[in-house]
Number of protein chains: 2
Amino acid sequence: MDQNKIPQATAKRLPLYYRFLNNLNQQGKRRVSSKELSEAVKVDSATIRRDFSYFGALGKKGYGYNVEYLLGFFRSTLDQHEVTEVALIGAGNLGTAFLKYSFLKNNNIRITKAFDADASKVGKDIDGVPIYHVDDIEKELDNIRVVILTVPASEAEEIAERLVKEGVNGILNFTPARITVPSHVRVHHIDLAVELQSLVYFLKHYPLEVE
Amino acid sequence: MDQNKIPQATAKRLPLYYRFLNNLNQQGKRRVSSKELSEAVKVDSATIRRDFSYFGALGKKGYGYNVEYLLGFFRSTLDQHEVTEVALIGAGNLGTAFLKYSFLKNNNIRITKAFDADASKVGKDIDGVPIYHVDDIEKELDNIRVVILTVPASEAEEIAERLVKEGVNGILNFTPARITVPSHVRVHHIDLAVELQSLVYFLKHYPLEVE
DNA sequence: AAAAAGTCGTGATATTTTTCACAAATTAAT
DNA sequence: ATTAATTTGTGAAAAATATCACGACTTTTT
Ligand SMILES: NC(=O)c1ccc[n+]([C@@H]2O[C@H](COP(=O)([O-])OP(=O)(O)OC[C@H]3O[C@@H](n4cnc5c(N)ncnc54)[C@H](O)[C@@H]3O)[C@@H](O)[C@H]2O)c1
Ligand SMILES: NC(=O)c1ccc[n+]([C@@H]2O[C@H](COP(=O)([O-])OP(=O)(O)OC[C@H]3O[C@@H](n4cnc5c(N)ncnc54)[C@H](O)[C@@H]3O)[C@@H](O)[C@H]2O)c1
């Protein structure tokens, strides 16, 4: 809760910057300008400079930014030095894809437990992540605070309520259901059907710029 | 290109409204107020009324909105009367989850073709969607204009260029790569790692309102 | 028939986000 | 050394988005 003056729009871009800085660092690049970064992440360079400026003067005029320094700065700002443990509820098609993906590569996040209602899945594991029965949420969730929700929409509300009771305060919700939670809980929706639909809408109704 | 004055933020919410209206209609509800809708979709009621107002006066003072009428209106606005065909490139973990999901339920969108580089997948089908070899994009894409991209990040740029050459003008990009496309092509990024990371960031750095 | 309650549509205002544009500082070139 | 080229950080302006608040009209209640 140190810097609560950082705009939400900025906060959402930080992980993106971090990833690209990581790439640059691995490529052995020592310095980078907001212009170069802009081309890579497709964000206006003035916006990038503004974003960085909320954290102080991180660059040097006429030079740009030192990759290693900036990376280090964001690593601690984004708490990348410690692993964040996350649980997943609903190891179906989408959930399984997430379980097989390693968020550890660039982000220090690991899905450590999965829960499902399907007895035939319980007790097994997917890529090393054990699957528990959903009835055991209360017993097994421990102090995990962030959850990925990939259950059928009809189950979302009830599961969310149970999660909140267990102390979860962040939910990444992939179901189409808009869940109701207390105000201290943060829910981010990723609604794939809406994304697809709105892309189609934009294509049909917005004038396409031809360069 | 009829109504290009509709704000992007509004356009992104339309599919959401549409889905909830569909639900209401199936439940047999005849009328709905912006307040009710607001509670369901978690968007301020004034914002909803403003959004609707871009399309004219769709409601009635003191009454609200007629569900069937509104639904019909959005159906045609969102081109839900015709099926939009979409292709998917990269039938891996994430791609397979999408192939198994039916976007037809609420949205009139269907993934009709998939492409992959893995010879062992080519020729098969997943839930009725045939998988072609990625080398046959030029031969098989036909006049599909919208593509879901779920290949490894390293392949994204090259594939995107080929797609654009074939006339694709909408790409839903799930890879972490920020692809470069001509300005007449629209790319929507869904960056799951960034979403997860930024949720974690918010939780750690933003004051949690306790109601 | 009158009063009360409900609800839209929207001008006005507030908030958030993006972009412009330039002085100041630094580096690179001559 | 001087000059030219870069590039930051940021005030100011613009653009986009969200919200307030109320007149006008409709429905419901008494
Ligand atoms: N797959 C996609 O491409 C896609 C696209 C858009 C939205 N979604 C949404 O994502 C969610 C998951 O989709 P999916 O395709 O993986 O579905 P799925 O049916 O494959 O998976 C759902 C999983 O949840 C489990 N489950 C059911 N009830 C449960 C409960 N009460 N507690 C815990 N687990 C429970 C099921 O056993 C199953 O494993 C759905 O809400 C769906 O609408 C998926
Ligand atoms: N699975 C996740 O949870 C997740 C999370 C975040 C991001 N992503 C991103 O989504 C993308 C797909 O992830 P995934 O987990 O499904 O990976 P995956 O490896 O399971 O699937 C990739 C698929 O693409 C195919 N492929 C490889 N090269 C190709 C080419 N040139 N043309 C066509 N197909 C090709 C592979 O054969 C494979 O089937 C990746 O870019 C990944 O970074 C995935």
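Each chain gets a letter, A, B and so on, in the order its sequence line appears, and its residues count up from 1. Computed from a predicted model, the values in this text were never measured in an experiment.
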Of all the choices, [options], which nucleotide is nearest to the side chain of [X] once you look at every atom?
X       : options                : value
B:Ala57 : C:dT10, C:dG9, C:dT18  : C:dG9
A:Gln8  : C:dT17, D:dT10, C:dT26 : C:dT17
A:Lys61 : C:dA25, C:dT7, C:dT10  : C:dA25
B:Thr47 : D:dA18, D:dT26, C:dT17 : D:dA18
B:Pro7  : D:dT17, C:dT27, C:dT19 : D:dT17
A:Lys60 : D:dT7, C:dC8, C:dT26   : C:dT26
A:Arg13 : D:dT19, C:dT18, D:dA18 : C:dT18

In whole angstrom, give the distance that lies between atom [atom1] of [X] and atom [atom2] of [N].
X       : N      : atom1 : atom2 : answer
B:Lys5  : D:dT17 : NZ    : P     : 16 Å
B:Tyr63 : C:dT7  : OH    : C1'   : 12 Å
B:Lys35 : D:dC20 : NZ    : P     : 14 Å
A:Tyr65 : D:dG9  : OH    : C1'   : 7 Å
B:Lys42 : D:dA18 : NZ    : P     : 17 Å
A:Leu58 : D:dT10 : CG    : C1'   : 14 Å
B:Phe55 : C:dC8  : CZ    : P     : 17 Å
B:Asp51 : D:dA16 : CG    : C1'   : 13 Å

Inset, instruction - Compare every heavy atom of A:His189 with every heavy atom of A:Ile179, then report the nearest pair and how far apart it is. - result: N-CE1, 4.1 Å
Legend entry - Smallest separation among heavy atoms of A:Ala193 and B:Asn107, with atom names: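 Scanning both residues, the minimum pair turns out to be CB-OD1, 3.3 Å.
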Inset, instruction - Have a look at A:Phe52 and say if it touches a base, only the backbone sugar-phosphate, or nothing, with a 4.0 Å heavy-atom cut-off. - result: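 Nothing: the residue A:Phe52, judged by heavy atoms under 4.0 Å, touches no strand.
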Inset, instruction - Ignoring backbone atoms, test whether B:Arg31 places a side-chain nitrogen or oxygen under 4.0 Å from the OP1 or OP2 oxygen of D:dT28. - result: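 Yes.
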Inset, instruction - Quick one: sort the B:Phe74 and B:Tyr17 rings into parallel, tilted or perpendicular, breaks at 30° and 60°. - result: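 B:Phe74 vs B:Tyr17 ring planes: tilted.
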Legend entry - Check: B:Lys113 side chain, B:Glu140 main-chain N or O, donor-acceptor pair, under 3.5 Å: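 Here the side-chain-to-backbone pair exists.
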Inset, instruction - Would you indicate whether the side-chain heavy atoms of B:Leu172 and B:His188 approach each other to under 4.5 Å? - result: yes
Legend entry - Residue whose nearest DNA chain D nucleotide is more 5′ - B:Ala46 or A:Ser34: A:Ser34
Inset, instruction - May I ask you to verify whether the side chain of B:Arg50 and the base of D:dT19 hold a donor-acceptor pair under 3.5 Å? - result: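 Present.
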